[in-house]
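As structure tokens, the structure follows; a few thoughts come after it.
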Amino acid sequence: VVSTQSTGGMALSSGKDMASLRLQLDGFVTITSEEQNAVEESVEHIYSACQGRTRLKETFPLHKVRHISYLRRGLLRLSENFECLDASRPWLCYWILHSLN
């Protein structure tokens, strides 16, 4: 079982305010920075909409057996959803093995 706490206006993973985690532009706008900003805005919109309605439970179960099974399957074969990441397979293997550790 993993413990969690309600985060109020904080980002779930870091404890930092969401605004402080946004892309910091250096005055040079690129296609990538515009796309990053669009993604951040859509995520922030969804996060803000859900933030007031939902409270995290004190604890939630970690389904270890199911998680291990999923990771092992990932070592054998990438699903269709991951075919575009085939060139990143060494990294995927690294993170899967790290997760199994």
Side-chain angles (χ1 to χ4, degrees):
V1 176
V2 179
S3 296
T4 61
Q5 296 179 355
S6 179
T7 58
M10 303 293 185
L12 292 176
S13 64
S14 68
K16 296 181 181 178
D17 181 57
M18 287 291 287
S20 70
L21 298 173
R22 301 261 336 224
L23 176 65
Q24 304 298 315
L25 294 176
D26 56 5
F28 187 72
V29 178
T30 65
I31 292 171
T32 302
S33 65
E34 288 175 344
E35 289 177 359
Q36 175 72 25
N37 190 48
V39 169
E40 289 178 358
E41 285 178 4
S42 68
V43 169
E44 186 174 17
H45 174 74
I46 295 167
Y47 180 83
S48 296
C50 295
Q51 187 176 3
R53 287 190 261 159
T54 312
R55 295 249 181 232
L56 294 175
K57 295 178 184 178
E58 290 285 328
T59 61
F60 60 92
L62 176 62
H63 301 284
K64 252 179 133 172
V65 173
R66 290 174 59 195
H67 188 77
I68 290 169
S69 175
Y70 174 78
L71 292 170
R72 286 183 175 165
R73 282 193 316 268
L75 285 174
L76 297 174
R77 179 180 165 277
L78 290 176
S79 71
E80 292 176 5
N81 298 331
F82 292 98
E83 283 181 5
C84 62
L85 296 174
D86 195 49
S88 299
R89 184 146 177 86
W91 277 111
L92 292 171
C93 290
Y94 170 83
W95 287 112
I96 289 170
L97 291 171
H98 179 72
S99 298
L100 288 169
N101 188 17

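- Aromatic ring orientation, H98 versus Y94: parallel (interplanar angle below 30°, classes split at 30° and 60°).
- Closest approach of E41 to R22, counting heavy atoms only: CG-NH2, 3.6 Å.
- Residue Q36 holds its CD atom at 9.0 Å from OG1 of T32, rounded to the nearest 0.5 Å.
- Put simply, the side chain of S69 never gets that close to the backbone of V65: no donor and acceptor are under 3.5 Å apart.
- For the pair E40 (side chain) and L23 (backbone), a donor-acceptor distance under 3.5 Å is present.
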Check the pair L100, L75 against side-chain contact (heavy atoms from CB on, under 4.5 Å), reporting the backbone distance first and the verdict last.
-> CA-CA 11 Å; L100 288 169; L75 285 174; 3.9 Å; yes
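- Judged by distance alone, the side chain of T30 and the main-chain N or O of S33 form a donor-acceptor pair under 3.5 Å.
- Nearest approach of I96 to G74, heavy atoms of both residues: CD1-C, 3.8 Å.
- A 6.0 Å sphere centred on CZ of R72 holds no more than 12 heavy atoms belonging to other residues, nucleotides or ligands.
- Between the CG atom in N37 and the OG atom in S42 there is a gap of 10.0 Å [rounded to 0.5 Å].
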